[in-house]
Amino acid sequence: MVDHVGRQKVAQIVQPPLVDREGVQALSMRKLGKALGVEAMTLYYYVPNKDAMLDGLVELVFSRVAVEPAGEWRAWVRAFAVSVREQLLRHPGLMPVVAIRPVATPGGPRTVERAAGALVEAGFTASEALHVITATATFAIGHTLAEAGPGRPDNPDLDLDGLPVLAEAVAAGLGTPADHQDRFEFALDALLNGLAPRRA
């Protein structure tokens, strides 16, 4: 069984910036131990393996997404998605890990339960409440991964001759940080406006 406290300790020691520099694939217990000035075996006092360390990093990122599920549901679900994107943009090296690893922590189910409970009070069924949470989280992670994930190439120089719509969009700032922000909010609002309890 993974030691939750140990996993948190190693995640806090590693800190996402180390992953941003080295990349997840290059990160190993041996390399981490060297960076910390200790033997790799010392790390196994806290976590049993690299997978547990990665779980700790995912936990660390989501622990900083602090949104209270209170008030009008679309407002706090929107704030949740915005916060997820902000945290991932701070640590792009962790995006591939967050995209494929669930939050495997003792507090994870309790956090989901609070959010789902608030949605049930807003009129969703239990299943629908989880659909809302999953759809919103998946959108935020996927959008941010496409926006700024590791290995994403810079916008290539495009020949826009005869492509007036694309030319206008590029002139308006297509691909800039402001454009990514606007694109995210545009799609997020469309998603949230389309979500509602299904009625018989």
Undergrad: Taking the side chain from Q87 and the backbone from F62, do they hold a donor-acceptor pair closer than 3.5 Å?
TA: no
Undergrad: What heavy-atom pair brings L145 and A99 nearest, and what distance separates the two atoms?
TA: CD2-CB, 4.2 Å
Undergrad: Rounded to the nearest 0.5 Å, how far apart are CG of D179 and CZ of F186?
TA: 11.5 Å
Undergrad: First locate atom NE2 of H180, then atom CD of E185, and finally report the distance between them rounded to the nearest 0.5 Å.
TA: 13.5 Å
Undergrad: Flag the pair R183 / E147 as yes when at least one side-chain heavy-atom distance between them is below 4.5 Å, and no otherwise.
TA: no
Undergrad: I need the W73 CH2 to F124 CZ distance, nearest 0.5 Å.
TA: 4.0 Å
Undergrad: Counting only N and O atoms by type, is there a donor-acceptor contact under 3.5 Å from the side chain of T134 to the main-chain atoms of L130?
TA: yes
Undergrad: When rounded to the nearest 0.5 angstrom, what is the spacing between OG1 in T136 and CG in L192?
TA: 5.5 Å
Undergrad: Atom CG of residue position N193 - does it have more than 12 heavy atoms of other residues, nucleotides or ligands inside 6.0 Å?
TA: yes
Undergrad: State, to 0.1 Å, how close G123 and P197 come at their nearest heavy-atom pair, and which atoms those are.
TA: O-CB, 3.4 Å
Undergrad: Say whether, by atom type as modelled, one donor and one acceptor occur between the side chain of D182 and the main chain of A178 under 3.5 angstrom.
TA: no
Undergrad: Looking only at non-hydrogen atoms, find the nearest pair between A129 and L119 and report the distance.
TA: O-CD1, 3.4 Å
Undergrad: Hey, what do you get for CD1 (I133) to OG1 (T138), rounding to the nearest 0.5 Å?
TA: 11.0 Å
Undergrad: Enter the distance from H131:NE2 to T125:OG1 here, rounded to the nearest 0.5 Å.
TA: 6.5 Å
Undergrad: When you check the gap from the basic side-chain N to the acidic O, do E86 and R64 get nearer than 4.0 Å?
TA: no
Undergrad: Check this for me, if you would: do R74 and D189 make a salt bridge, where the nitrogen-to-carboxylate-oxygen distance has to be below 4.0 angstrom?
TA: no
Undergrad: Find out if a path of hydrophobic residues (ILVMFWY) with successive side-chain heavy-atom gaps under 4.5 Å connects V132 to V120.
TA: no
